[in-house]
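Encoded as structure tokens, the structure appears first; notes follow it.
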Amino acid sequence: MSITTLKLGIFGFGCVGQGLHNVLSKTKGINATIEKICIKHPDKIRSLDAAYFTTDPSEILDNPEIDVVVELIDDSEAAYHIVKEALIKGKAVVSANKKLIAEHLEELLFLQSKHKTPLLYEGSVCGSIPVIRNLEEYYDNDLLSSVSGIFNGSTNYILSKMRNEGLDFDLALKEAQDKGFAESDPLLDVGGFDAKYKLCITLLHAFGLLVRPENVLNIGIQNLSDQDVNYATQNNQNIKLVVHGQKQGQHISAFVMPTFVSADNPLTNVHNEFNGILLESAFANQQFFGGKGAGSDPTGSAVLSDISALTYGYKYEYKKLHQNTLVSYSTQQLLEVYVRYQDKETVQWDAFQNISQRFESKAYSYVIGSIYLEQLLQEEWALNDRISIVLKSILDGEILEATNKEIHAAL
Ligand code: HSE
């Protein structure tokens, strides 16, 4: 195996860019040097010599000496153009931009294959936790049936602070922003979009499924109130923003939703900016991975790990995608949900399969009922800001049942 010294051109020197520089400078034995860093604001005071910086992308993209483009900017649209051009020019690319990757997965696969150059993005999912390469390599031969977890540090920070320290939502969000965990547009975090992008990327490496983010339900934490948190506490549970990806037969369902997590679930002990991943597989049964999911050095360390992997010629082979050609995305999964509402009229009652519990008072009303994921995805009432929805449980067997129904219909 040949190890080369890589010359890096970095786009962005914000939270993750500075983290990368920090971990790179403290890690001995990495065969990589920073050649240039392209930034947007030349007037900002920087911790590095001015000679490193440029505002001209072509100083990186058109420099034949630079082998690897490291894309760490905030603007996902601009990032898309940088990554695309770099791949077309035959440069290897490392990115931590989950929105860009999730929204363009199919094209990025095509570009890597056409230009025979790799794109690595370990830092885009769960910060410091090695999840992508792990799913890609270690789980190659294991039969994964479920991937779930806490994939967003900011919302976990907010929920932890609300529950453990009684902080109010806005103050906790401000803290997450000040610590550099939150996206520039915090709706991406609190609305569950960021977690959903990470889920879409994970589904490809876990199950070989390509799904567009707009087809995946994301319910965020922005409508949660103290009443919901108290309900969880009274039932000896926590509310966490959880991503769910489940495979039954060839059908995969996926969504992001606030979820009641009970005391025996490892996710209940994942606090603040930490993330946690639960895998279920046929032979290993349940496994749990935890670590910091956001922040400068933790994400920088995942980016550095990709750079290190490039020095020995690593690339994703997307094995599951090539193996599992029959997998399909399904929204036919029955969920048991808690729905708190302020006005009865805002709830679409006929969307429920059944309602098992109902509580109504002047200040606080909720129901517990079962509903198909499809109904939540299609109906706008579920995202109404006067309604709060929390998952109680995924009702087993329903994806399979839908599959069987389809098979019978086809016969
Ligand atoms: N805003 C993201 C989070 C950053 O809070 O998890 C890490 O991807």
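Whatever order the structure lists ligands and atoms in, that order sets their numbers, starting from 1. Scope of the values below: all heavy atoms of this structure, side chains included, with no hydrogens, waters or symmetry mates.
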- [ ] Establish, yes or no, whether a centroid distance under 6.0 Å links the rings of H205 and Y318.
- [x] yes
Open item on the list: Closer than 4.0 Å to some heavy atom of G293 - which atoms of ligand 1 meet that?
Closed with: 7 (C)
Task: Per atom 3 (C) of ligand 1, closest listed option by heavy atom (T299, N152, V190) - done: N152
Task: Between K292 and N275, a side-chain donor and acceptor under 3.5 Å - done: no
Task: Aromatic ring proximity, centroids under 6.0 angstrom, Y341 and W349 - done: yes
Task: atom 4 (C) of ligand 1 [closest protein heavy-atom partner, distance rounded to 0.1 Å] - done: F181 O, 3.2 Å
- [ ] Please report the C-alpha distance between Y338 and D228 in whole Å, then the side-chain angles of each, then the deciding distance to 0.1 Å, and finally whether the side chain to side chain donor-acceptor pair (under 3.5 Å) criterion is met.
- [x] CA-CA 9 Å; Y338 154 104; D228 307 323; 2.6 Å; yes
Task: Minimum-distance protein heavy atom relative to atom 8 (O) of ligand 1 - done: K98 NZ, 2.6 Å
TODO: Establish, from distance only, whether the side-chain atoms of Q237 and S262 form a donor-acceptor pair under 3.5 Å.
DONE: no
- [ ] Identify whether NZ of Lys or CZ of Arg in R340 sits under 6.0 Å from the centre of the six-membered ring of Y364 and within 45° of that ring's axis.
- [x] no
Open item on the list: Within the structure, is a non-hydrogen atom of E273 found at a distance of less than 4.0 Å from ligand 1?
Closed with: no
TODO: Using distance alone, with no hydrogens and no angle criterion, decide if E71 and S95 have a side-chain donor and acceptor under 3.5 Å apart.
DONE: yes
Task: Proximal atoms of ligand 1 relative to E183 (non-hydrogen, under 4.0 Å) - done: 1 (N), 2 (C), 4 (C)
Task: Within-shell test, G127 vs ligand 1, heavy atom, strictly < 4.0 Å - done: no
- [ ] May I ask you to check whether K198 has an N/O atom sitting below 3.5 Å from an N/O atom of ligand 1?
- [x] yes
Task: Residue and atom name of the nearest protein heavy atom (relative to atom 6 (O) of ligand 1), distance in Å to one decimal - done: G153 N, 2.7 Å
Task: Heavy-atom nearest neighbour in the protein, as seen from atom 5 (O) of ligand 1, with distance rounded to 0.1 Å - done: S154 OG, 2.6 Å
Task: Atoms of ligand 1, numbered as shown, that sit under 4.0 Å from any heavy atom of D189 - done: 1 (N), 2 (C), 3 (C), 5 (O)
Open item on the list: Which label fits Y314 and Y316: parallel for a plane angle under 30°, tilted from 30 to 60°, or perpendicular past 60°?
Closed with: perpendicular
